[in-house]
Asker: 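Got a structure for you, questions after.
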There are 2 protein chains.
Amino acid sequence: MTMTAKELENKCIEAGLKMTAPRRAVLNVLAHAEDHPSVEDVYDRAKKEDPSISIATVYRTLGLLDELGLVYRHEFTDSDHARYELNDTHHHHLIDLDTGKVLEFENPQIEKMKQKIAEDMGYELVECRLELYGRKLKK
Amino acid sequence: MTMTAKELENKCIEAGLKMTAPRRAVLNVLAHAEDHPSVEDVYDRAKKEDPSISIATVYRTLGLLDELGLVYRHEFTDSDHARYELNDTHHHHLIDLDTGKVLEFENPQIEKMKQKIAEDMGYELVECRLELYGRKLKK
DNA sequence: TTGACTGCAAATGCTTTGCACCATT
DNA sequence: AATGGTGCAAAGCATTTGCAGTCAA
């Protein structure tokens, strides 16, 4: 959890979005998620707070949050639907190929190296995706 | 181009696949692709060699090749269909956010670091996805 | 008030599948 | 001959959209 629901809400308002019950529900779900929920997951959880929410609105809201850069849209090669999390650009993921569990890690050296590679190729690094897929070592 | 069409064909035969005209067409397309074609692209190009090929077969063939690990299925966040290339695990991609062009790069240090990170987390690294998204530096 | 937002259901569009026919081995 | 492969068209399914009603500002 990198941002509170309140902070998220403020960013949305700044961006000119109206704060409605369904949107608040989605923001809360994201703010409290410890995992990487799919759209369906977000929908299910948001319904607990606003039972009348529709999945179309969840799609629309997540789309807006993605545009605003508040959220990161993952497409792990594992599961085949998109999965979301609050945008905290400084970590990456290791996906357990047997269980599908998603672990997070960060590594400053890799951050620097990414920057450098992009620069060497004449590019400014804007976005990045780094996912490791592996199997638990036994021992 | 990391494998010739012949080499690919042999690997498919080894794996027990029958070699048919449509499959050969798909293999040729992949062997000669310098880019990262979508299913649609592969279909269009394969039709030049085997006009009667159907897109269902292209999907099926690419799926098989993916299972065999002969091909890598990309899902760049840019375009929203899958895009394929022959599996050469040692390079990664930088996607130009303005043009959508895909550049390739390799970097041994990052390879090592990935390994190490996975190991430190108690995992054997099986697969990895590293994509940089950026904008051309002007000057 | 009014333009943004919503739920609903229908439409999209990529991908998969059932089926009957066909070709490789 | 047998089995796996194919084209076709229909089905699936996650996501998007048109629309008419609703609500935040």
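The figures here come from the full heavy-atom set of this structure, side chains too, leaving out hydrogens, waters and symmetry mates. Quick note on labels: first sequence line is chain A, next is B, and so on, each numbered from 1.
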Asker: Starting at the 5' end of DNA chain C, which residue's closest nucleotide do you reach first, Gly16(A) or Ala56(A)?
Answerer: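 So the residue in question is Gly16(A).
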
Asker: Which part of the nucleic acid, if any, lies within contact of Ala82(A), taking any heavy atom under 4.0 Å across all strands shown: a base, the sugar-phosphate backbone alone, or nothing?
Answerer: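 Here Ala82(A) touches the backbone only, sparing every base.
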
Asker: Between Arg73(A) and Glu75(A), does any NZ, NE, NH1 or NH2 come within less than 4.0 Å of an OD or OE carboxylate oxygen?
Answerer: yes

Asker: Yes or no on salt bridge (Lys or Arg N to Asp or Glu O under 4.0 Å) for Glu111(A) and Lys114(A), after CA distance, side-chain angles and deciding distance?
Answerer: CA-CA 5 Å; Glu111(A) 298 309 304; Lys114(A) 278 165 19 187; 2.6 Å; yes

Asker: Rounded to the nearest 0.5 Å, how far apart are SG of Cys12(A) and CG of Leu64(A)?
Answerer: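 The distance works out to 8.5 Å.
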
Asker: Quick one: Leu27(B) CG to dG5(D) P, roughly how many Å, whole number?
Answerer: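 Rounding to the nearest Å, CG of Leu27(B) and P of dG5(D) are 13 Å apart.
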
Asker: Rounding to an integer number of Å, can you tell me how far Glu14(B) CD sits from dT25(C) C1'?
Answerer: 17 Å

Asker: Would you call the rings of His92(B) and Phe105(B) parallel, tilted or perpendicular if under 30° counts as parallel and over 60° as perpendicular?
Answerer: tilted

Asker: Compare side-chain N and O positions of Arg60(A) against OP1 and OP2 of dC5(C) and report whether any pair is under 4.0 Å apart.
Answerer: no

Asker: Can you tell me how far P of dA14(D) sits from CZ of Arg73(A), to the nearest Å?
Answerer: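 It is 13 Å, rounded to the nearest whole Å.
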
Asker: Which pairs with one or both residues in residues 11-26 of chain A pass salt bridge (charged side-chain N to carboxylate O under 4.0 Å, His left out), sequence neighbours excluded?
Answerer: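 Output for this query lists Glu9(A)-Arg24(A).
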
Asker: Determine: side-chain N/O of Tyr59(B) to OP1/OP2 of dT15(C), distance under 4.0 Å, yes or no.
Answerer: yes

Asker: Name the residue closer to the 5' end of DNA chain D, choosing between Leu64(B) and Arg24(A) according to the nucleotide with the nearest heavy atom.
Answerer: Leu64(B)

Asker: Without decimals, in angstroms, what is the distance between His81(B) NE2 and dT16(C) P?
Answerer: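 My rounded result for the distance is 14 Å.
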
Asker: Nearest to the side chain of Lys18(A) - dT17(C), dA4(C), dG4(D)?
Answerer: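 Comparing dT17(C), dA4(C), dG4(D) against the side chain of Lys18(A), the answer is dA4(C).
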
Asker: Rounded to the nearest angstrom, tell me the gap between atom CD1 in Ile13(B) and atom P in dG5(D).
Answerer: 12 Å

Asker: Would you find a donor on one side and an acceptor on the other, under 3.5 Å apart, between the side chain of Asp66(B) and the backbone of Gly63(B)?
Answerer: no

Asker: Take atom CZ of Arg23(B) and atom C1' of dG5(D), then tell me their distance rounded to the nearest Å.
Answerer: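 After rounding, the gap between these two atoms is 6 Å.
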
Asker: Can you confirm if the aromatic rings of His93(B) and Phe76(B) lie within a centre distance of less than 6.0 Å?
Answerer: yes

Asker: Using whole Å, report how far CE of Met19(B) lies from C1' of dC22(C).
Answerer: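 Rounding to the nearest Å, CE of Met19(B) and C1' of dC22(C) are 16 Å apart.
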
Asker: Name the nucleic acid region contacted by Ile55(A), choosing base, sugar-phosphate or nothing; use a 4.0 angstrom heavy-atom cut-off, strictly under.
Answerer: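 No contact at all - Ile55(A) keeps every heavy atom at 4.0 Å or more from the nucleic acid.
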
Asker: Are OP1 or OP2 of dT6(C) and a side-chain N or O of Thr20(A) less than 4.0 angstrom apart?
Answerer: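 It does, given that an N or O in the side chain of Thr20(A) lies less than 4.0 Å from OP1 or OP2 of dT6(C).
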
Asker: By a strict heavy-atom criterion of less than 4.0 Å, which residues belonging to residues 45-54 of chain A are in contact with DNA chain D?
Answerer: none

Asker: Could you give the CD-to-P distance, from Glu75(B) to dC14(C), as a whole number of Å?
Answerer: 14 Å

